[in-house]
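Data block below; observations after.
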Amino acid sequence: MGSFILKKAAAVFSCLSFTAALFSCSSEAGTGTVNQKKEMVIAASTFMLEGGSSADNVKLHWNAVEDAAGYTLTRSDGVELISKTRALTNVLFYDDYGIGDNTYTYTVKAFNSNKVQIASANVTASKGTVTDAVNTFNNSPTVETGVTSLIRKSTLVFDGVYYSYSIGRNGGENVNFIEYTSADGENWDEGRVVVTGDKETYPTAFYDEDLASCKLESTCITSHNGQIVIWSHYEEYGSTYTKACVYCAAGTPGGDFKGYGAYQPQGNASRDLTFFEDDDGRGYLISATLGTMYMYRLSSDWTVVDDSFECVTIQENEWREAPCMIHHDGWYYLFSSRQNGWLPTAGQYISSKTLQGLSGQTGQAIGSKNTFGSQSGGVVKIGNQYAMMANRWSGGWEVPDPVLKELGLWSVQRMLPITLKDGYAFYDFYSTVKYDCEQGVMVPVQRGKIVSYLGDTGLSSTAASGCDGKYAVDGNWIDSKFYRGSDYDFDFVVNLGSKYNINGVDISFYTLQGSEAYCTYNIYGKENASDASWTLIKDCSSNVMMNFNTWVFEPTETAYKYIKIDILGEKRACTNGNNAPHSTVNGSWCTGLYEVQVYGQ
């Protein structure tokens, strides 16, 4: 029995049964320069290549520096990985493959338009840990493979008994809190209702009339002083969201529970929420309303909002939701999603060395322009590593993911490993992630080498003004610059520099929020520029997936030097005025490529 995942349940992984291990915070007020980040930071993480046996590949990220016109990257053995001649403003990433047993220090330098160095940073990396006893999380499921979910035992263990909790209904409008027990954390009983809105069916459970007709979302479950504490976003039953309340239930594992009623904390509307624990034992809620997020301190038993503590306003009028907090190496990182219903949106984070310092921080982009086809969600900690569990709410889309639709699934998650460094955060998309929660190991697995990185795009269709093809192969998923042809029907061509057997392609399409569209296209390969024709690698002419598309396939028998993405047309992914989903757009306002990554061997 696992967690009960609800709409915008951003904190379900971080709060369910391992909150205490994930959240460790300080309530010291912060002003002045205490929150000032370094001008430049470079962060490193390790990963495996598909079919490999060692995590001896290093993924490097660095932040954009103000007034920088380009960046160089060197390795401590003297190898120049990015030279001044290849330095570009948008290049903030590099993969170093096959370092073996070596330990390297990487140095990145930022230069202005006059080639004068204005900042630098370094990081040391060696190969990561690999273990055979791992599970695999599949970020690119098919109908044949099915989907995967995070496998982790509950850590709510009392007197040798495992406990787990969920929220359910009994066929009506009422809501029930259900407790399950297990002797081994794997095999669970049928459960008992501990708090209910249906007193006739469950006369021994605590009855709360607020649960008689409602829905609960963003549920966080944790323990405190031997008690289970459950917080949820509370709304009326049905499709509307006008109550905007919080609700708490708490009690003794195996014993009595109590509901504490629904209310708006300190008079503020409250929707998506998350919970975290301070290292002094205090509990906090961060919740989102329309436009702004607020942080509230809880009572000593964590069951009600402490009105003696004035809430902290966070990202005012930035329209964020699905908050989730972690604390790492002295920095708080608060991740969130752009408010956009169920559709994929851009993830952000803010960071601070103090809780009060979160106020006034402006969101920083992370991941990709569309969170790799998902929404920012909860964060899981495995060992000393973190991963964003992004939510892909396909069932809420007018044009759902065809794989999930065929599998009968409303939603799925994507596991995006996070790298943290001195207040900066980065996360990446990998086709699979190997992990073992018992051993505390997480190893991302990349489909192959990114062979399109900084490739020449001169054979592409003539670009629209300001939309150079180089922007689509710079490894930068979050920058607003993109490639677009002068017409909506265009070809994007990248020269890989050498011939490779291609085994995957990831594409981030330009997205206009509120007018989402998808592209139909085909992916071709060619061995030589002089070849008369192209060979079809992947038929995507029936594609209906908006923004982020990921394609995984067996390595091509032929090694190709040139890859072409032939855009056939654009169609709407959602209703816009009188325009229905799947209606043809074919207008340049909705097309373009933020990023293309071709994987090969």
Side-chain angles (χ1 to χ4, degrees), residues 7-8 238-242 271-272 288 290-291 317-322 336-348 365 367-376 390-405 410-412 464-467 472 477-490 492 507-522 540-550 565-596:
K7 176 181 180 285
K8 306 298 172 66
S239 59
T240 58
Y241 285 84
T242 58
R271 293 181 171 85
D272 287 3
L290 293 178
N317 296 324
E318 290 190 33
W319 298 93
R320 310 304 300 174
E321 64 181 358
S336 65
S337 173
R338 169 76 179 180
Q339 292 181 10
N340 192 29
W342 303 106
L343 296 172
T345 61
Q348 285 187 357
S368 79
K369 298 293 286 187
N370 44 59
T371 315
F372 302 106
S374 308
Q375 288 190 5
S376 181
N391 295 306
R392 190 165 169 80
W393 307 111
S394 171
W397 307 343
E398 292 184 84
V399 182
D401 184 325
V403 171
L404 300 187
K405 184 177 180 180
W410 205 91
S411 65
V412 73
S465 177
C467 299
W477 294 91
I478 61 177
D479 190 85
S480 295
K481 294 182 179 179
F482 57 90
Y483 165 74
R484 173 188 286 162
S486 58
D487 197 359
Y488 63 83
D489 183 4
F490 62 86
F492 174 76
I507 306 173
S508 179
F509 289 95
Y510 173 82
T511 300
L512 183 63
Q513 186 168 316
S515 298
E516 281 80 0
Y518 62 86
C519 286
T520 56
Y521 58 99
N522 286 317
C540 307
S541 60
S542 299
N543 175 63
V544 296
M545 293 312 310
M546 64 185 124
N547 47 63
F548 180 74
N549 289 190
T550 179
I565 298 174
D566 178 15
I567 304 296
L568 305 176
E570 297 80 33
K571 297 184 178 182
R572 295 186 183 275
C574 59
T575 301
N576 187 290
N578 296 323
N579 301 299
H582 303 298
S583 60
T584 300
V585 179
N586 289 349
S588 61
W589 59 269
C590 72
T591 189
L593 303 173
Y594 281 126
E595 192 66 26
V596 175

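Contact between Pro402 and Val544 at its shortest, heavy atoms only, is CD-CG2, 3.9 Å. Trp397 and Met545 get closest at one heavy-atom pair: CZ3-CE, 3.5 Å. The two residues Phe482 and Gly592 make their nearest non-hydrogen contact at CD1-CA, 4.1 Å. Taking each heavy atom of Gly514 and Cys574 in turn, the nearest pair found is O-SG, 4.1 Å. Taking both residues in full, the closest heavy atoms of Leu568 and Ser541 are given as CD1-CB, 3.8 Å, listed atom of the first, atom of the second, then distance. Contact between Ala472 and Leu593 at its shortest, heavy atoms only, is CB-O, 3.9 Å.
For Phe548, the ring-ring contact (aromatic ring centres under 6.0 Å, His included) partners two or more places apart in sequence, or in a different chain, are Phe372, Phe429, Trp477. Applying the side-chain hydrogen bond (donor to acceptor under 3.5 Å, both in side chains) rule to Tyr594 yields no partners; only residues at least two apart in sequence or on another chain are considered. Scored by the side-chain hydrogen bond (donor to acceptor under 3.5 Å, both in side chains) test, Ser368 finds Asn370 as partners (sequence neighbours excluded). Every residue meeting the side-chain hydrogen bond (donor to acceptor under 3.5 Å, both in side chains) condition with Glu318, not counting sequence neighbours, appears here in chain and number order: Gln315. A search for side-chain hydrogen bond (donor to acceptor under 3.5 Å, both in side chains) contacts involving Ser374 returns nothing, not counting sequence neighbours. Partners of Arg392 under the salt bridge (charged side-chain N to carboxylate O under 4.0 Å, His left out) rule, at least two apart in sequence or in another chain, are Asp401.
The aromatic rings of Trp410 and Trp342 stand perpendicular to each other, their planes meeting at an angle above 60°, with 30° marking the opposite boundary.
Here the CD1-SG distance, from Ile507 to Cys540, works out to 6.5 Å after rounding to the nearest 0.5 Å. The distance from the SG atom of Cys467 to the NZ atom of Lys481 is 10.5 Å, given to the nearest 0.5 Å. To the nearest 0.5 Å, atoms CG (Asn579) and OG1 (Thr584) are separated by 10.0 Å. Between Asn340 atom CG and Glu321 atom CD the span is 8.0 Å, to the nearest 0.5 Å. If you take CH2 on Trp393 and CG on Leu404, they are separated by 12.5 Å, rounding to the nearest 0.5 Å. Taking CG from Asn547 and CZ from Phe509, the interatomic distance works out to 9.5 Å, rounded to the nearest 0.5 Å.
Side-chain atoms of Glu570 never come within 3.5 Å of backbone atoms of Thr520 as a donor-acceptor pair (strictly under, hydrogens ignored). A donor-acceptor pair under 3.5 Å links the side-chain atoms of Gln339 to the main chain of Arg320, judged by distance alone. Side chain of Ser515 to backbone of Leu512: no donor-acceptor contact under 3.5 angstrom is found. The main-chain N or O of Gly341 is found under 3.5 Å from a side-chain atom of Gln375 such that the two form a donor-acceptor pair.
The side-chain hydrogen bond (donor to acceptor under 3.5 Å, both in side chains) test with Tyr521 singles out one residue from Asp566, Asn543, Asp489, Asn549, and that residue is Asn549. If you run side-chain contact (heavy atoms from CB on, under 4.5 Å) between Met546 and each of Val399, Leu343, Thr511, only Leu343 comes through.
Proximity of Arg338 to Gln513: side-chain heavy atoms (C-beta onward) are separated by under 4.5 Å at one or more points.
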- prompt: Could you walk me through whether Arg572 and Tyr518 pass the side-chain contact (heavy atoms from CB on, under 4.5 Å) check?
  reply: CA-CA 6 Å; Arg572 295 186 183 275; Tyr518 62 86; over 6 Å; no
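Geometrically, Arg484 engages Tyr510 in a cation-pi contact, judged by NZ or CZ lying under 6.0 Å from the ring centre and within 45° of the ring axis.
Side-chain atoms of Thr371 and Ser376 form no donor-acceptor pair, as typed in the model, at a separation below 3.5 Å.
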